[in-house]
Amino acid sequence: FQLDDPIGMYLPEFGRATVLTTFKAADTTYETKPSARRITIRHLLTHTSGIDYPSIGSEEFRAIYAKAGVQAGIGGVEGDVLADKIKVLAKLPLKHEPGEKFTYGLSVDVIGRLVEVLSGVSLDQFFRTRIFAPLKMRDTYFALPTDKFDRLAGMHVERSGKLSAMSASNVDFAKRPVTYFSGGSGLSSTTGDYARFLQMLMNNGELDGVRLLGRKTIEMMLTNQVGTIQPNFGLGFQLETPSNDFRTPLSEGSFMWGGAFNTTYWADPKEHLIGLVYTNVTGSTVRLGDQFKTLVYSALK
């Protein structure tokens, strides 16, 4: 495939996109207009497709997605499959024209479905055979094996400065059977496993004699793909670029992202440094990732 191929070439349900024009909160009805652009693979990998997010997205799209039964991955509802949910998502409007701005959303879930179509296997099988096994990521799963249940960190929520165990219905998603293999969420792993994945990228696609990607592919992934749109984004990662380098101590060329439970990771090729700080707390008022980065770089000689 080519990065600027319309996703509709591979997922025909995305052939005719629409953009939201008006939304009525009282009854969650809305109006749309035909999109002037087609969603491309590049748009999806940079979160500029216009696809929003169910649980943390804008108010109108949280309502639109909920009404249509579209939710964030995290194991999904038992019996759900990615192919079916992506077809539902494709019928819903976009928040804005593709390529117009950055909107963190379900774009990577759509990429997950693209992987299934191009490979002919489930995303779970693709991950296990093409990434996890070659990189010896032995603790990364959609559904955790029962003999590893006792190693799973419990999830917590912070309210009024106090921590309590989280009681949401999907809090034990890692211990349940999984049929919905999400491209954008739902894996359980360790800092050790994810450090190996980041090290492979920082090694230009190779780790311990195993090559997953070519050097030029990695260069493309870590090149700003969105121009002046903020955050500067490559193919899958936020980037430290000349235009934003003044904000953090990270070196230009670093790549990074984070997670909902106050997790942060980054890789700094210039310093040959990988940093990960993972917690299990949602709603935290402490910007732990920023503090951790400052302490790490302050310690460098």
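Sequence positions, counted from 1, serve as the residue numbers for this chain. Because only heavy atoms are used, hydrogens play no part in the values below, and waters and symmetry mates are left out as well, while side chains stay in.
- Checked by atom type, the side-chain pair D109/S182 shows a donor-acceptor distance below 3.5 Å.
- Taken from CD in E158 to CE in M166, the straight-line distance is 13.0 Å, to the nearest 0.5 Å.
- In this structure, the separation between OG on S189 and CZ on F132 is 7.0 Å, given to the nearest 0.5 Å.
- The closest donor-acceptor contact from the side chain of T179 to the backbone of D80 lies under 3.5 Å.
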Practice problem: Might you work through the salt bridge (charged side-chain N to carboxylate O under 4.0 Å, His left out) test for E116 and R113, ending with a clear yes or no? | Solution: CA-CA 5 Å; E116 291 187 334; R113 178 57 187 152; 2.9 Å; yes
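- Around CZ of R287, the count of heavy atoms belonging to other residues, nucleotides or ligands within 6.0 Å does not exceed 12.
- Inter-residue side-chain proximity for S107 and L45 is flagged as unmet; no heavy-atom pair is nearer than 4.5 Å.
- Contact check for L198 versus F255: side-chain heavy atoms found under the 4.5 Å cut-off.
- L235 places a side-chain heavy atom less than 4.5 Å from the side chain of M220.
- Note on L89 and I111: same hydrophobic cluster, where clusters join Ile, Leu, Val, Met, Phe, Trp and Tyr whose side-chain heavy atoms are under 4.5 Å apart, directly or indirectly.
- Side-chain atoms of S122 and D124 form no donor-acceptor pair, as typed in the model, at a separation below 3.5 Å.
- Atoms OG and CZ, on S254 and F237 in that order, are 12.0 Å from each other to the nearest 0.5 Å.
- For A17 against L94, the heavy-atom pair with the smallest separation is CB-CD1, 4.0 Å.
- Y104 is listed as a side-chain neighbour of I56, based on a closest heavy-atom distance under 4.5 Å.
- L207 is connected to L276 through a chain of hydrophobic side-chain contacts under 4.5 Å among Ile, Leu, Val, Met, Phe, Trp and Tyr, so both are in one cluster.
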Exercise. Any chance you could lay out the side-chain contact (heavy atoms from CB on, under 4.5 Å) test for R16 and T18, step after step, and finish with the verdict?
Key: CA-CA 7 Å; R16 296 185 178 182; T18 61; over 6 Å; no
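- One hydrophobic cluster, built from ILVMFWY side chains closer than 4.5 Å, cannot hold both F126 and Y141; they sit in different ones.
- Between D139 and R151 there is a salt bridge, since a side-chain N of the basic residue sits under 4.0 Å from a carboxylate O of the acidic one.
- Using modelled atom types, one finds a donor on one side chain and an acceptor on the other under 3.5 Å when comparing D193 with T140.
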Quiz item: side-chain contact (heavy atoms from CB on, under 4.5 Å) between I64 and V70: does it pass, once the steps are laid out?
Solution: CA-CA 9 Å; I64 290 170; V70 172; over 6 Å; no
Exercise. Check the pair L250, W266 against side-chain contact (heavy atoms from CB on, under 4.5 Å), reporting the backbone distance first and the verdict last.
Key: CA-CA 9 Å; L250 277 64; W266 79 93; 3.6 Å; yes
Exercise. Take M155 and F173 through the side-chain contact (heavy atoms from CB on, under 4.5 Å) test and state the conclusion after the steps.
Key: CA-CA 11 Å; M155 295 185 183; F173 69 87; 3.4 Å; yes
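- Within the 4.5 Å cutoff, no side-chain heavy atoms of F1 are placed close to those of I7.
- Hydrophobic cluster membership differs between V277 and F197, with clusters built from Ile, Leu, Val, Met, Phe, Trp and Tyr side chains linked at under 4.5 angstrom.
- Annotation: side chain of Q291 is not in contact with side chain of T294 (no heavy-atom distance under 4.5 Å).
- Within the 6.0 Å centre-distance limit, the rings of F233 and W257 are counted as a close aromatic pair.
- Distance CZ/R196 to CG/N203: 10.0 Å, rounded to 0.5 Å.
- Side-chain contact check for D268 versus Y297: some heavy-atom pair is nearer than 4.5 Å.
- Heavy-atom contacts from other residues, nucleotides or ligands closer than 6.0 Å to NZ of K148 number more than 12.
- Under the 4.5 Å side-chain heavy-atom criterion for grouping Ile, Leu, Val, Met, Phe, Trp and Tyr, L92 is connected to L44 within one hydrophobic cluster.
- Remark: L114 CG to Y10 OH distance equals 7.5 Å, nearest 0.5 Å.
- Side-chain atoms of K67 and T28 include a donor-acceptor pair closer than 3.5 Å.
- Separation of atoms OG1 (T264) and CG (D290) is listed at 7.0 Å; rounding is to 0.5 Å.
- Residue R37 places its CZ atom among more than 12 non-hydrogen atoms of other residues, nucleotides or ligands, all under 6.0 Å distant.
- Considering only heavy atoms from C-beta on, P93 stays 4.5 Å or farther from F23 through its side chain.
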